[in-house]
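What follows is a single structure, written as structure tokens, with notes after it.
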Amino acid sequence: MPKRKKVFVIDTNVILHDSTCIHHFDEHDIIIPITVLEELDQFKKGSQIINYHAREFVRELDALSTDRLFNGGIRIGAGKGTISIRLEMDPHPDLLPFFPNTDKQDHRILNIAYHIARQQTKPVILVSKDVNLRMKARSIKLMAEDYTTDHVRDPAHLYSGCRYEENVTTRLIEKLYEAGGELGLDDYVAEPPLRPNEFLVLRNGKKSALAICAMNGFDGSFALKRVNKESIYGITPRNAEQSFAVSALLNRDIKLVTITGKAGTGKTLLALAAALETRTHYRQILLTRPVMPLSNKDIGYLPGDIQSKIKPYMQPLYDNLGVIRGQFPEKSEMFQRLQKMLDEEKLAIEPLAYIRGRSLVKMYMIVDEAQNLTPHEVKTIITRAGEGTKIVFTGDINQIDHPYLGIRSNGLSNLIDKMQGQALYAHIDLRKGERSELADLASDIL
């Protein structure tokens, strides 16, 4: 039985999230309110990803543009529905008592969608990443949905990068401590099969071993290799997951690493310490994080020079650097080396928006708070990686500050879901907080 054709009315934030969104609605028709085009016009200038999406969408719409775009619609492509632009309409009398502020852009979009729903025999659905607008639509019996094309399937079962195996034979654990700490996968058959760079905690009573399913450098096959607890630039792992994170961060064959965990698990600290430990292999260490704008305004609106503008946003990165520096006396070689790296910009801390367009060659790049990035932003960063570059994304997918992202739609969750099983990629979820007993208590109880 063929699917019933639907009409989707698209909100501005969907386009700013994904400029290719019109290609993801299959055979269904799409309507763009004229209010959305007016809003996109405000976003066309700038270097942020949302500015890129605004420009790209308008260009694509222009390429499709004919008089039919405002009169019945034009087909998007083979097997696709039509797209059309709907001009402003008088406020519907059903809505005026509830939404008297007719100048508000959300209410204008809502009004157009409501008019269309009353005119159409097909189901009309408003697609928006704005929760409040979706609730307003449902309050007037207008169907509304989130844009879910790039959502991960089940966040509760997101790849953790690590599995715990109980009742492993004593002999197998002993063999991992012999013969160079390596076993063929024939010696240990896991179910389900191990993914490349997946970590394991093998236990048998009081005996245990840490291991990774790593690539054998000789023939490209995979083997079970023991993971040792290593100190990096004065920082010592305090649990198994941190040891796994250090292993992935130091491995130059693993070009992409993601580390998740709640506040205080040591994500950024370990990534920075590993970067400093392997600094001789890279041209520059770059620490960056997305700047969450205030009231939808770029930091250019804030007073002061660039350093005073970005310092509050970058302070958590400086704090982690301060923890590492604080281990060494001011006159020690390690302390002086860190200061020299900062002075010579071998170690740089910058907001993410200010590195766009740069060539990321032979760099150790750490992207903090990656849960506040869209999937497209994450893709943009990774696709700019040049030869010899390693990229580390850290974040907590349960602590999202972006107004239009959630646990299923943020770039970090999407990256973990799509990249698992790739030979160049490793992930670890840090579960135990190590900041302080008080911090752990607050994170778990409050």
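Note that the numbering runs from 1 along the sequence shown for the chain. Just the heavy atoms: all of them, side chains too, but no hydrogens, waters or symmetry mates, feed the values below.
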Original post:
Is the side chain of T148 donor-acceptor paired with the backbone N or O of H151 at a distance under 3.5 Å, no angle test?
Top reply: no

Original post:
How many angstroms lie between CG in L16 and CD in E39, if you round to the nearest 0.5 Å?
Top reply: 8.0 Å

Original post:
Between the side chains of H107 and K136, is a donor N or O closer than 3.5 angstrom to an acceptor N or O?
Top reply: yes

**OP:** Starting at CZ of F57, measure out to CD1 of I10 and round the result to the nearest 0.5 Å.
**Re:** 8.0 Å

Original post:
Are any of the side-chain nitrogens in E27 or K5 under 4.0 Å away from the carboxylate oxygens of its partner?
Top reply: no

Subject >> Main-chain N/O of A423 paired with N197 side-chain donor or acceptor, under 3.5 Å >> reply: yes

**OP:** Could you tell me whether the side chain of R384 and the main chain of L360 form a donor-acceptor pair under 3.5 Å?
**Re:** no

Original post:
Are any of the side-chain nitrogens in K6 or D29 under 4.0 Å away from the carboxylate oxygens of its partner?
Top reply: no

Original post:
Hey, is the main chain of D396 close enough, under 3.5 Å, to the side chain of Q371 for a donor-acceptor pair?
Top reply: yes

Original post:
Applying the side-chain contact (heavy atoms from CB on, under 4.5 Å) test to V36, which of V9, I31, I109, N13 qualifies?
Top reply: I109

Subject >> Criterion side-chain contact (heavy atoms from CB on, under 4.5 Å) against L256, the qualifying member of V392, T389, L415 >> reply: L415

**OP:** Step through it carefully: locate the ring centre of H53, locate the ring centre of H376, and say whether they are under 6.0 Å apart.
**Re:** yes

Subject >> Candidates E88, Q105, R86 - the one meeting side-chain hydrogen bond (donor to acceptor under 3.5 Å, both in side chains) with T35 >> reply: E88

Original post:
Measuring from L347:CG to I285:CD1, what's the distance to the nearest 0.5 Å?
Top reply: 5.5 Å

**OP:** Could you tell me whether a side-chain N or O of R75 sits under 3.5 Å from a main-chain N or O of T82, the two making a donor and an acceptor?
**Re:** no

**OP:** Report the residue from L272, V367, D368 that forms a side-chain contact (heavy atoms from CB on, under 4.5 Å) with L287.
**Re:** L272

Original post:
Is there a donor-acceptor pair under 3.5 Å between the side chain of D11 and the backbone N or O of V14?
Top reply: no

Original post:
Would you call D41 and K44 a salt bridge, using N to O less than 4.0 angstrom?
Top reply: yes

Subject >> Distance (rounded to the nearest 0.5 Å) between E56 CD and I15 CD1 >> reply: 13.0 Å

Original post:
Just by modelled atom types, is the P290 backbone N or O under 3.5 Å from a matching donor or acceptor in the E369 side chain?
Top reply: no

**OP:** May I ask you to test the M419-H427 pair for a side-chain heavy-atom distance under 4.5 Å?
**Re:** no

**OP:** Test the R118-Y114 pair against the cation-pi criterion, namely NZ or CZ under 6.0 angstrom from the six-membered ring centroid and within 45° of the ring axis.
**Re:** yes

Subject >> R108 with D106: basic N within carboxylate O range, under 4.0 Å >> reply: no

**OP:** Look only at the side chain of S413 and the backbone of N410, and say whether a donor-acceptor pair between them is shorter than 3.5 Å.
**Re:** no

Original post:
Got a donor-acceptor contact below 3.5 angstrom from the N251 side chain to the S247 backbone?
Top reply: no

Subject >> Validation row: R163, E165 side chains within 4.5 angstrom (heavy atoms) >> reply: yes

Original post:
For Y147, which of H24, K129, H17 qualifies under side-chain hydrogen bond (donor to acceptor under 3.5 Å, both in side chains)?
Top reply: H24

Original post:
Should we count CD of E387 as having more than 12 external heavy atoms under 6.0 Å?
Top reply: no

Original post:
Are the side chain of E377 and the backbone of T374 linked by a donor-acceptor contact shorter than 3.5 Å?
Top reply: yes

